[in-house]
Q: 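Sharing a structure here in C-alpha cells format.
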Amino acid sequence: MAKLERQRHTAKVGFPVACIGITPSNQVVLGGGGGPGRSGVQNKLAVYSIGDAGLQQQSELVLKSDEDAPTCLAVHPKEGALVASINGTSSDIQAGSSRNLRVFALAKGRIRAGKATKTICSSDQMDYQKCIRFSSAGSMVAGGATDGTLSVVKYPSLKPVSAFVGAADEINDVDFGEQDRWLAAATDAEIKVLLVADSSTVKSIRDPRTASGERAVFRFARFGTGKADVLFTVLNTRSRKSCYVVQWDTKTWARIGTRRVAHSAATTFAMSHGGDLLAVATASLQICVCDARTLKVLLRIPAAHSFAITALAFDKDDRRLVSASADETCQAIVLPEAWPTAVDRLAGYARDHSQLLAVLLAALLAVLVALFTVHT
C-alpha cells in the first residue's frame, strides 16, 4: 500500500463539517455548524480552493442560528450552484412549513441563497434529510430523509417529478443510474431501485449479508461512474465490527464481488469521478481507498481525523481525496498518479522488513545446512 502521510494538507475550518461537495471548477464546498440554539458555533456554508498549497478559504455564508446546520449537500455537475438540506425553525417544522431543500448560487466568490421547497413530510424536529444527489445531467435532485421520505424534484424549478415515496425506514443513501432513468434508495434492510418517471420498482435487494452469511445493513448505494452495469453497495455488519463493499451486475442483478474493507463500521463513502476508485471512512477514524474493479484496498490512512469522519469527496481530477470531520477540520490527501503494482508492494515490503527477512533467510540456510549434514 502507498504511504502518503506526508502528502496531506489540513485546514481548520472553525465548525463541525457535515457534508462536502466539489464544484465544476474544483472548489470545495463545506456545510455544517452547531445546529439550532445557543451553542456558539455558527451554521455555515463555506467555499475553499484546493491546490498544491492545500485548502484556502474563498468565501462563506453564515446561516440563521435558530435553524439547523446543513445536513447534506450536492453540487450541480455543470453550473455554479448547489442544493443543501437545512431544517427550518422548530415552529416551522411543527407547522409543516419548513422548506428544507434550498438552492444556493456560487458566483464571483460569493454564496447567494435562492429558492427553497419542502422535501420532508415529518413534523418531528428530530427528522432531517440524510442524503441528496443531483442527476448526472443536473436536471433533477433526489433526497432521502430519516422519516423515510424519498423525494425527486426537477431542477431549477424544484417541482416534484412524481409523488414522494414513503419508505419503511430511514433512507441512508440515494443515487441516479441508467442514464438518470433509475433511482437507487438504500435503507438498512433493502436497496430499492425505482424508475424515476413513475416510482415503479425495477429491483429490490433485501436481507443484506456478508459473503460468510453474517447479517448486515445497507449503508450506501452508488451506481458505477462510467460503468453503467454495476451498482456498489457498502455493508456494515450488525455488530459494527466490519464493513464490506459489494458489486452488483445491474443487468442480471447477480452479486459479482464482495470484499471486507475494514474492521470497523463505515461512516461515509465516495466514488471518484472517473469511476476507478472508491473511498470509505470508518468509525475507527480510518480512511480506505479501494480499486473499484477489484475492490482491493490500495491505501489505508489510520487516525485520519481526531473525531468522526463525516464526509469524503474526490476532486474533479481525482488527484486528491478531500475529507472532513466533526473535529472542525478538512484535509486534502494527494493521491499517486499510478498505484503500486503487486511487484512494487512486494519490493516495498522487502525493503521495509530487510532485517527480518535477513534473519529468516539465515535461519532457513542453517536448517538446510543441518539437514544436509545429517544426510551425508
Q: Check whether any side-chain heavy atom of Val234 sits under 4.5 Å from a side-chain heavy atom of Leu278, and report yes or no.
A: no
Q: Donor-acceptor pair, Gln286 side chain versus His263 backbone, under 3.5 Å?
A: no
Q: Under a 4.5 Å side-chain heavy-atom rule over Ile, Leu, Val, Met, Phe, Trp and Tyr, are Tyr155 and Leu101 clustered together?
A: yes
Q: Should Pro36 and Asp66 count as side-chain neighbours, where that means a heavy-atom distance under 4.5 Å?
A: no
Q: Does the side chain of His9 come within less than 4.5 Å of Leu55's, by heavy atoms?
A: no
Q: To the nearest 0.5 Å, what is the distance between CG (Leu298) and SG (Cys288)?
A: 10.5 Å
Q: Could you see if Phe220 belongs to whatever hydrophobic cluster contains Val280? Use Ile, Leu, Val, Met, Phe, Trp, Tyr and a side-chain cutoff under 4.5 Å.
A: yes
Q: With side chain to side chain donor-acceptor pair (under 3.5 Å) as the test, would you mind laying out the steps for Asp147 and Ser122 before giving the verdict?
A: CA-CA 6 Å; Asp147 71 335; Ser122 173; 4.5 Å; no
Q: Checking the side chain of Ser264 only, and the main-chain atoms of Ser284 only, is there a donor and an acceptor separated by less than 3.5 Å?
A: yes
Q: What are the two closest heavy atoms between Ala326 and Phe307, and how far apart are they?
A: CB-CD2, 3.4 Å
Q: Applying side chain to side chain contact (heavy atoms under 4.5 Å, CB included) between Trp248 and each of Ile191, Leu231, Asp229, Val193, report the one that passes.
A: Leu231
Q: Any side-chain donor-acceptor pair under 3.5 Å between Asp327 and Ser306?
A: yes
Q: State, with a plain yes or no, whether a side-chain heavy atom of Ser59 is found less than 4.5 Å away from one of Arg110.
A: no
Q: Looking at Asp315 and Asn26, would you say the former's side chain and the latter's main chain have a donor-acceptor pair under 3.5 Å?
A: no
Q: Can you name the nearest heavy-atom pair linking Val13 to Val17, along with the distance?
A: CG2-CG2, 3.7 Å
Q: Given side chains that start at C-beta, do those of Leu73 and Phe104 come closer than 4.5 Å, heavy atoms only?
A: no
Q: OG1/Thr23 to CD1/Ile50 distance, rounded to the nearest 0.5 angstrom?
A: 10.0 Å
Q: Taking everything shown except Arg259 itself, do over 12 heavy atoms lie less than 6.0 Å from its CZ?
A: yes
Q: Same cluster or not: are Phe314 and Leu299 linked, directly or through other Ile, Leu, Val, Met, Phe, Trp or Tyr residues, by side-chain heavy atoms under 4.5 angstrom apart?
A: yes
Q: Around Asp207, counting heavy atoms of other residues, nucleotides and ligands shown, do more than 12 lie under 6.0 Å from its CG?
A: yes
Q: Quick one about Ser200 and Asp198 (side-chain donor to acceptor, distance below 3.5 Å, no hydrogens or angles considered), yes or no?
A: yes
Q: Which heavy atom of Ile20 sits nearest to which heavy atom of Val322, and what is that distance?
A: CD1-O, 3.9 Å
Q: Quick check on the hydrophobic clustering: are Trp339 and Ile333 connected, directly or via other members, by side-chain heavy-atom contacts under 4.5 Å?
A: yes
Q: Is any side-chain heavy atom of Thr225 closer than 4.5 Å to a side-chain heavy atom of His273?
A: no
Q: Check this for me, if you would: do Arg238 and Asp188 make a salt bridge, where the nitrogen-to-carboxylate-oxygen distance has to be below 4.0 angstrom?
A: no
Q: Ignoring hydrogens and geometry, is there a side-chain-to-backbone donor-acceptor pair from Thr267 to Ala281 under 3.5 Å?
A: yes
Q: Hey, does the side chain of Ser98 reach the backbone of Gly88 with a donor-acceptor pair shorter than 3.5 angstrom?
A: yes
Q: Can you name the nearest heavy-atom pair linking Ala292 to Gln247, along with the distance?
A: O-NE2, 2.8 Å
Q: Does Arg99 pair with Asp92 as a salt bridge, N-O distance under 4.0 Å?
A: no
Q: Determine whether a donor-acceptor pair (N or O, by modelled atom type, separation under 3.5 Å) exists between the side chain of Thr71 and the backbone of Gln129.
A: yes
Q: Taking side chain as C-beta onward, heavy atoms only, is Thr237 less than 4.5 Å from Tyr244?
A: yes
Q: Asp175 side chain to Arg133 main-chain N or O, any donor-acceptor pair under 3.5 Å?
A: no
Q: So among Cys72, Ser151, Cys131, which one has a side chain to side chain contact (heavy atoms under 4.5 Å, CB included) with Val174?
A: Cys131
Q: Roughly how far apart are Lys130 NZ and Asn172 CG, rounded to 0.5 Å?
A: 4.0 Å
Q: Using modelled atom types only, decide if a donor and an acceptor are shared between the side chain of His76 and the backbone of Phe134 within a distance under 3.5 Å.
A: no
Q: Could you check Thr210 against Ser242 for side chain to side chain contact (heavy atoms under 4.5 Å, CB included), going step by step and ending with a plain yes or no?
A: CA-CA 10 Å; Thr210 68; Ser242 296; over 6 Å; no
Q: For the pair Thr149 and Thr119, evaluate side chain to side chain contact (heavy atoms under 4.5 Å, CB included) and give the outcome as yes or no after the intermediate values.
A: CA-CA 8 Å; Thr149 303; Thr119 58; 5.8 Å; no
Q: As a quick check of understanding, evaluate side chain to side chain contact (heavy atoms under 4.5 Å, CB included) for Asp318 and Asp276, giving each step before the final call.
A: CA-CA 9 Å; Asp318 293 337; Asp276 297 323; over 6 Å; no
Q: Of all the heavy-atom pairs spanning Gly148 and Ile171, show the shortest one and how long it is.
A: O-CD1, 3.5 Å
Q: Ignoring hydrogens, what is the shortest heavy-atom contact between Gly31 and Leu45? Give both atom names and the distance.
A: CA-CD2, 3.9 Å
Q: Decide if atom CZ of Arg255 counts as having more than 12 heavy atoms of other residues, nucleotides or ligands within a radius under 6.0 Å.
A: yes
Q: State, with a plain yes or no, whether a side-chain heavy atom of Ser239 is found less than 4.5 Å away from one of Glu214.
A: yes
Q: Kindly compute the distance separating CZ (Phe218) from OG1 (Thr233), expressed to the nearest 0.5 Å.
A: 5.5 Å
Q: Is it the case that the side chain of Asn43 and the backbone of Gly34 share a donor-acceptor pair, with hydrogens and angles ignored and the cut-off at 3.5 Å?
A: yes
Q: Has the side chain of Asp180 got a donor or acceptor atom that lies under 3.5 Å from a matching backbone atom of Ser135?
A: no
Q: Do Val62 and Phe15 pass the side chain to side chain contact (heavy atoms under 4.5 Å, CB included) test, and can you show the C-alpha distance, the side-chain angles, and the key distance before you say yes or no?
A: CA-CA 11 Å; Val62 178; Phe15 61 92; over 6 Å; no
Q: Under a single-linkage definition using a 4.5 Å side-chain heavy-atom cutoff for Ile, Leu, Val, Met, Phe, Trp and Tyr, are Ile120 and Val161 assigned to the same hydrophobic cluster?
A: no
Q: Could you state the interatomic distance from OG (Ser323) to CZ (Arg8), rounded to the nearest 0.5 Å?
A: 7.0 Å
Q: So how far is it from Leu183 CG to Glu178 CD, rounded to the nearest 0.5 Å?
A: 13.0 Å
Q: Between Arg102 and Glu67, does any NZ, NE, NH1 or NH2 come within less than 4.0 Å of an OD or OE carboxylate oxygen?
A: yes
